[in-house]
Amino acid sequence: QVQLVESGGGLVQAGGCLRLSCAASGRAFSGYAMGWFRQAPGKEREFAAAISSTGARTYYADSVKGRFTISRDNAKNTVYLQMNSLKPEDTAIYYCAAGPWSTAVADYNIWGQGTQVTVSS
């Protein structure tokens, strides 16, 4: 299995941009679809974006579509989430996950520790 470590979170003002990275170590990174999920205080973890194992296909939650871009570089064992036009409601802990081509939290078995994103008004 792969081990995932997120980075790039922080504090940003509304309308700003932030780029998250998820570095993978272990076996067969290129064989997994990858997802980004987020969890705000008092809320369930929710899907944000996913990318297929080859990077050929992407899928986004309606709440982030048009603002966020997921990408991956299999040669670097890294997946990214470029977040533009950030809103206060984007504030959450962001988690990287490896698994099947799915939007469901329960379908992913490999998770990073998360990185905090805070968007101020």
Heavy-atom nearest pair, Ala40 first then Ala92, reads N-CB, 3.8 Å
The side-chain hydrogen bond (donor to acceptor under 3.5 Å, both in side chains) partners of Ser30 (sequence neighbours excluded) come to none
When every non-hydrogen atom of Glu6 is compared with those of Gly114, the smallest separation belongs to OE1-N, 2.9 Å
When rounded to the nearest 0.5 Å, the distance separating CD of Gln116 from CG of Leu11 is 9.5 Å
On a heavy-atom basis, the closest approach of Thr78 and Ala23 is OG1-CA, 4.3 Å
Contacts satisfying salt bridge (Lys or Arg N to Asp or Glu O under 4.0 Å) that involve residues 84-99 (not counting sequence neighbours) are Arg38-Asp90, Arg67-Asp90
Going by chain and number, the hydrophobic cluster around Tyr59 (ILVMFWY, side chain to side chain under 4.5 Å) further includes Phe37, Phe47, Ile93, Tyr95, Trp101, Val105, Tyr108, Trp111
For Leu4 and Ala98 the tightest heavy-atom approach is CD1-N, 3.7 Å
In short, disulfide (SG to SG under 2.5 Å) pairs touching residues 25-63 with sequence neighbours left out are none
Between Cys17 and Asn84, the two heavy atoms sitting closest are SG-OD1, 3.2 Å
Across all chains, not counting sequence neighbours, the side-chain contact (heavy atoms from CB on, under 4.5 Å) partners of Thr54 are Ser52, Ala56
dist Asn77:CG -> Gln3:CD (nearest 0.5 Å) comes out at 12.5 Å
Residues 31-61 vs disulfide (SG to SG under 2.5 Å), sequence neighbours excluded, gives none
Gln13 atom CD, over 12 foreign heavy atoms within 6.0 Å = no
Applied to residues 81-121, the disulfide (SG to SG under 2.5 Å) test, sequence neighbours excluded, yields Cys22-Cys96
Those residues at least two apart in sequence (or on a different chain) that pass side-chain hydrogen bond (donor to acceptor under 3.5 Å, both in side chains) with Asn74 are Arg72
task: Tell me whether Ile70 is reachable from Tyr80 by hopping between hydrophobic residues (I, L, V, M, F, W, Y) whose side-chain heavy atoms are closer than 4.5 Å.
output: no
Sorted by chain and number, sequence neighbours left out, side-chain contact (heavy atoms from CB on, under 4.5 Å) with Val117 holds for Leu18, Leu20, Met83, Tyr94, Val119
Separation between CH2 (Trp36) and CD1 (Ile51), nearest 0.5 Å, reads 11.5 Å
So the disulfide (SG to SG under 2.5 Å) pairs with at least one residue in residues 56-85 (sequence neighbours excluded) are none
- prompt: So if you build clusters from Ile, Leu, Val, Met, Phe, Trp, Tyr with side-chain heavy-atom gaps below 4.5 Å, do Tyr60 and Val79 land together?
  reply: yes
With sequence neighbours left out, the residues meeting side-chain contact (heavy atoms from CB on, under 4.5 Å) with Ala75 are Asp73
Between Gly31 and Ser53, the two heavy atoms sitting closest are C-CB, 3.9 Å
Sequence neighbours excluded, the answer for side-chain contact (heavy atoms from CB on, under 4.5 Å) partners of Ala104 is Ser102, Asp107
